[in-house]
Number of protein chains: 2
Amino acid sequence: MRYSKQREIIYNAVMNNLVHPTADTVYAMLKAENPELSLGTVYRNLNLLAQNGDIIKIEVLGAADRYDAKSMPHFHMICTECNEVFDIPYTVVPENLAQSALDATGHSITEYDIAFKGICKNCKKKGE
Amino acid sequence: MRYSKQREIIYNAVMNNLVHPTADTVYAMLKAENPELSLGTVYRNLNLLAQNGDIIKIEVLGAADRYDAKSMPHFHMICTECNEVFDIPYTVVPENLAQSALDATGHSITEYDIAFKGICKNCKKKGE
DNA sequence: CTCATAATAGTAATGATTACTATTTATAAT
DNA sequence: ATTATAAATAGTAATCATTACTATTATGAG
């Protein structure tokens, strides 16, 4: 893979971002400083970086995909009030889940993802 | 909600279908016998029926939503070989998952869905 | 420095789904 | 039964996230 300035700034944008940005968010963040940047380039590089394992891609039901700095594997929860995405540690799910499913159905599970929905800590506090 | 012939045949199509059809599949199934049927009508009624609790809507990451006859709550697994969707019983997941997540993060989980991927029983047999 | 080709910008296309609007139709009231 | 009203439809256009396409630019090996 050849170096490109665009890929570098896209990678940095994801790494330095606290929230879990969508492709469009990354594009908007960078467009001001890089007016010639193309949305297609953002998509292509985010997917390349995710394939490479440099960042991770979070697929969200019925909404735009989000990208995240690479870290421990974890699940995600989307807050139904503020629409922010939060991390849920891997450890909340028992390790034998795939095995349980195999035992129950005969189908071999190679991967699974859990999409949590709820009210985040912050919104709960506000609501009181 | 007022009666409509279209809603009736759409409902029956889902109930009598063994697989988990997409809106487009339902449309294709019915179009031959009902040439004036509109795809928008299929979508609207599938969603109405799902809201009503008469059928269930299965949201699939990166693919068209699927609909299913109402039954015990359960999760779904999509086979990466044949793309068919199979049921995974609710019981493979421990009941306290939402509570574990709350304990670990402070966020209140109101619902969650698990998307399983793997190789189904049938494809596994074929592969041998 | 030169050249092959990877990566880009900009735009068009895609696919699932929803929105819109004129027309049709179910059903409650006359 | 007739009519009136509002819900439902057909058909089409619009939306939104994403990918595909193509001419141009730029990386980096030789």
Side-chain angles (χ1 to χ4, degrees), chain A residues 1-14 19-52 54-68 76 78 83-85 113 115, chain B residues 1-14 19-52 54-68 76 78 83-85 113 115:
Chain A
M1 186 154 59
R2 215 141 80 163
Y3 171 84
S4 93
K5 176 80 181 178
Q6 288 87 337
R7 181 151 49 242
E8 185 176 26
I9 62 174
I10 289 166
Y11 175 70
N12 288 334
V14 174
V19 300
H20 303 70
T22 63
D24 206 67
T25 306
V26 171
Y27 177 67
M29 279 170 54
L30 299 173
K31 185 70 174 175
E33 293 286 303
N34 308 268
E36 78 299 338
L37 181 67
S38 175
L39 181 57
T41 298
V42 174
Y43 271 103
R44 186 165 25 72
N45 280 298
L46 287 173
N47 285 329
L48 271 170
L49 291 165
Q51 253 174 257
N52 246 23
D54 298 326
I55 63 174
I56 58 171
K57 179 176 188 166
I58 310 165
E59 295 186 287
V60 183
L61 282 174
D65 294 344
R66 289 160 177 275
Y67 297 85
D68 194 10
H76 294 94
I78 187 159
N83 284 309
E84 258 190 81
V85 171
D113 187 51
Chain B
M1 186 155 58
R2 212 144 76 165
Y3 171 84
S4 93
K5 176 82 181 178
Q6 287 88 336
R7 182 152 48 243
E8 185 176 25
I9 62 174
I10 289 166
Y11 176 70
N12 288 334
V14 174
V19 300
H20 303 69
T22 62
D24 207 67
T25 305
V26 171
Y27 177 66
M29 281 170 53
L30 299 173
K31 186 70 174 175
E33 292 286 301
N34 308 269
E36 79 299 337
L37 181 68
S38 176
L39 181 58
T41 299
V42 174
Y43 271 103
R44 186 165 25 72
N45 280 299
L46 287 174
N47 285 329
L48 271 170
L49 290 166
Q51 253 174 257
N52 247 24
D54 297 326
I55 63 175
I56 59 170
K57 179 176 187 166
I58 310 165
E59 295 186 285
V60 182
L61 282 175
D65 294 344
R66 289 160 177 275
Y67 297 85
D68 194 8
H76 293 94
I78 186 160
N83 285 309
E84 258 189 81
V85 171
D113 186 51

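In this text, all values refer to a predicted model and were calculated from it rather than measured experimentally. Letters go in sequence order (proteins before strands), and every chain restarts at 1.
- Whole-Å rounding puts the Asn45(A) CG to dA7(C) C1' distance at 8 Å.
- Contact check, Asn47(B) against dT17(C): no side-chain N or O comes under 4.0 Å of OP1 or OP2.
- Side chains of Glu33(B) and Ile9(B) form no contact here, defined as non-hydrogen atoms less than 4.5 Å apart.
- At the phosphate of dG10(C), neither OP1 nor OP2 sits under 4.0 Å from any side-chain N or O atom of Ser38(A).
- Comparing dA9(C), dG11(D), dT18(D) against the side chain of Lys31(B) picks out dG11(D) as the nearest.
- A side-chain N or O of Tyr67(B) and one of Asn47(B) form a donor-acceptor pair less than 3.5 Å apart.
- Proximity of Tyr43(A) to the phosphate of dT19(D): no side-chain N or O atom is located under 4.0 Å from OP1 or OP2.
- Counting only heavy atoms from C-beta on, Ala64(A) has its side chain closest to dT18(D) among dA26(C), dA9(C), dT18(D).
- Considering only side-chain N and O atoms, Arg7(A) lies under 4.0 angstrom from the phosphate OP1 or OP2 of dA7(C).
- Closest approach to the Arg2(A) side chain among dA10(D), dA8(D), dA6(C) is made by dA6(C) (side chain taken as heavy atoms from C-beta onward).
- For Leu48(B), the side chain to side chain contact (heavy atoms under 4.5 Å, CB included) partners two or more places apart in sequence, or in a different chain, are Met1(B), Arg7(B), Arg44(B), Asn45(B).
- Side-chain nitrogen and oxygen atoms of Gln6(B) include none within less than 4.0 Å of the OP1 or OP2 phosphate oxygen of dT25(C).
- In this structure, Leu46(A) atom CG and dA7(C) atom P are separated by 15 Å, rounded to whole Å.
- Tyr3(B) has its OH atom 9 Å from the P atom of dT27(C), to the nearest Å.
- Annotation for Glu36(A): atom CD counts as buried by contact number, over 12 foreign heavy atoms lying within 6.0 Å.
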